[in-house]
Amino acid sequence: MALTIPRMLPSGDAAITVEFAREISDAANQRVLALDRMLTAHAIAGIRETVPTYRSLLVHYDPEQIGFDALAQQLTTLAQSPIANDSTARRHWRIPVCYGGEHGIDLEDAAATLKMTPDDLVARHAGGDYRVAMIGFTPGWSYLSGLDPALAVPRRQAPRLLTPAGTISIGGVQTGVQCLPGPSGWHLLGRTPVRTYQLHRDPIFLLEPGDAISFNRIDAKQFDEQDRAAEHGELIAELELS
Amino acid sequence: MSLLVVDSVGPATSVQDAGRHGAQRYGLTPSGAMDRLSLAAANTLVGNAPFAAAIELGPLGATFTARGGAVRLALTGAERPAAVHGEPIALYESFVLADGETLTLGIARSHVFSYLAIAGGIGGEPMFGSLAVNARAGLGSPYPRPLQAGDTIPAQPASSAAERSLDLPKPPDGPIRVVLGPQDDEFGDAVAAFLGGEWKVSATSDRMGYRLDGPEIRHLHGHNIVSDGTVDGSIQVPGSGQPIVLMPDRGTSGGYPKIATVITADLGRLAQLQPGRPFRFQAVSIDDAQAAYRGLAKLIRALPDRLQDAQQGTLDLDALFTANVAGAATNALDS
């Protein structure tokens, strides 16, 4: 089957948005990540950095080295090459989450909205297989694909101005791992002690777009212990290579 | 080692350079100076590389004192009163602040940001190749936050080099140029309202974004799109219909449709617009925008060629700002 041609949209004079879809689509995100990998493997002179998102790849470039038309043409060609078989994630992270209570203040309300018990919601959320679709907004904020469609819930009417570091939340058809404290309109289900962004740690950024993610439940006491260890630079998250 | 001590300072004053690039895929925004040409001019005057770290000053006043030795400084950008012990200091001219002397800066009379460069640059620990402050991410050096009274900035002792002055081409005074997109097709006829309207920068603007007051810009299909990447100058339109121009401390992705993008060569000019001052947008082709980009880059590279020996004590500020260099400006920006 021939691949559809992505749209090459100008984002000013020094970036192109390569748009594969207008909606959240797993197939589109796979193509975004595949094009991103191709650009890592076959560098095009003039590209400064790339930013994968759910449905598009933002390509920052230097207009002194390459013009819009020439770059758009090369990206169009690359985007239509077959996606290599290694498109499945090679890194799989197991991330501990303490659901509910003070760490997940919206769990009960979200469960009520979804007409299920909080335990049911947690079991479905913790049982999912996810992939990092994009990292954006603030450092380490990892948006995941793979949320059980039964857990889709409208965002809050009034966003919260401050939500805690490590928040695990759902909003619309999305779920994510937030790193820094910040505003959010999503429903807070729990918290992880894992820092996806931590200065003076190697690596500073834990997750890469395309990584596989699963969650395992921990209790509040384990959260406190692991949070202290994470504060001192321990990764906490378990990595499996497949 | 000399020190530049911050005695008093207003908000929105921080160490900035060309920002940190390469980690936007992890949600880390580049940050960096709001007006790159003024940063480059200040650095060039004191012999630094154009995008060395310098102090970006917001519109309010500030005072700095040299300790432990003299430092060589230069001030560019917004016009504002500047004096050392009551003696006026010229903008766009290097000068030495002797050990114990205090530089007093007043409120910006025009524009918003000034740049105070220190010969030898600012002593600090770069993260991702930059000293630029990004307080939310805990980044920036010597302080990972805006400057406060009592802060001390490590600096090189001033050499005996001659003082230099610099005249920049007069900046264009026309509309702020944009390239339409990436989501102008979400707006239909509202694109014409956007291009035809008169706009003002709102007083609630900051280094993350400039909110614009003007006609309400309506979306064809609602204001929620699936998040995609942003750039400096992205003009996103939230549900209020009030556009926001994303600035260097922006989020790396956003979920509002982006009607247009301010061209690189005009972003510093927009950053320097005082709240309430009316302006318009003008759509240009990508080719024209990229020609302007190359013109600005060429102008910045050639700044050292524009240096002249300073004529101390005889400086005429009005002459400096109205110097007949508009022709050169046109050539440099359009070539």
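Letters go in sequence order (proteins before strands), and every chain restarts at 1.
Closest approach of A:E49 and B:A23 over heavy atoms only: OE1-N, 3.4 Å. Across every non-hydrogen atom of B:Q290 and A:G67, the tightest pair is OE1-CA, 3.8 Å. Nearest heavy-atom pair, B:R136 versus A:F137, reported as atom, atom and distance to 0.1 Å: NH2-O, 4.1 Å.
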Enumerate, atom names and distances included, each donor-acceptor pair closer than 3.5 Å involving a side-chain atom of residues 68-80 of chain A, sequence neighbours excluded.
{"unit_1": "A:T76", "atom_1": "OG1", "unit_2": "A:A72", "atom_2": "O", "d": "2.6"}
{"unit_1": "A:T77", "atom_1": "OG1", "unit_2": "A:Q73", "atom_2": "O", "d": "3.0"}
{"unit_1": "A:Q80", "atom_1": "NE2", "unit_2": "A:T76", "atom_2": "O", "d": "3.1"}

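Ion pairing between a basic and an acidic side chain is recognised when a charged N comes within 4.0 Å of a carboxylate O; B:D185 and A:R22 show such pairing.
With chain B as the partner, the residue from A:L180, A:I204, A:L199, A:D62 showing the most heavy-atom pairs under 4.5 Å is A:L199. The residue among A:G12, A:P139, A:A15 with the most heavy atom pairs within less than 4.5 Å of chain B is A:P139. Looking only at heavy-atom pairs under 4.5 Å with chain B, the residue among A:E19, A:R48, A:H60 that has the most is A:H60. When B:L139, B:V262, B:N134 are compared by the number of non-hydrogen pairs under 4.5 Å with chain A, B:L139 comes out ahead. Of the residues considered (A:L207, A:I135, A:D36), A:I135 shows the highest number of contacts with chain B, using heavy-atom pairs under 4.5 Å. Chosen from B:V179, B:D232, B:V231, the residue pairing most often with chain A at heavy-atom distances under 4.5 Å is B:V231. In terms of heavy-atom pairs under 4.5 angstrom with chain B, the leader among A:E208, A:Q174, A:R55 is A:R55. Heavy-atom pairs under 4.5 Å with chain B peak, among A:S142, A:A21, A:P52, at A:P52.
Looking at heavy atoms from C-beta onward, B:S227 lies in side-chain contact with A:M134 at the 4.5 angstrom threshold. Between A:L58 and B:Q24, every side-chain heavy-atom pair lies at or beyond the 4.5 Å cut-off.
No more than 12 heavy atoms of other residues, nucleotides or ligands lie within 6.0 Å of OH in B:Y256, so this atom counts as exposed by the packing criterion. Within 6.0 Å of CG on A:L161 lie no more than 12 heavy atoms contributed by other residues, nucleotides or ligands. Remark: B:D305 CG is packed, more than 12 non-hydrogen atoms of other residues, nucleotides or ligands lying under 6.0 Å away.
Applying the side-chain contact (heavy atoms from CB on, under 4.5 Å) test between B:P182 and each of A:P10, A:S11, A:S56 identifies A:S11 as the sole match.
The structure places CD1 of B:I263 at 6.0 Å from CG of A:D13, a figure rounded to the nearest 0.5 Å. The CG atom of B:D184 sits 8.5 Å away from atom CG of A:L9, with the distance rounded to the nearest 0.5 Å.
Residues A:T53 and B:D228 have side chains that never bring a donor and an acceptor to within less than 3.5 angstrom of each other.
Identified by a heavy-atom distance below 4.5 Å to chain A, the contributing residues of residues 238-253 of chain B are B:G251, B:T252, B:S253, in residue-number order. Residues of residues 201-212 of chain B never come within less than 4.5 angstrom of chain A, heavy atom to heavy atom. Inspection of non-hydrogen atoms places B:R25, B:Y26, B:G27, B:L28 of residues 25-34 of chain B under 4.5 Å from chain A.
If you measure heavy-atom distances from B:T264 to chain A, the contacts under 4.5 Å come from both the backbone and the side chain. Only the backbone of B:L180 has a heavy atom closer than 4.5 Å to any heavy atom of chain A. Looking at B:A260, neither its backbone nor its side chain comes within 4.5 Å of chain A, counting heavy atoms on both sides.
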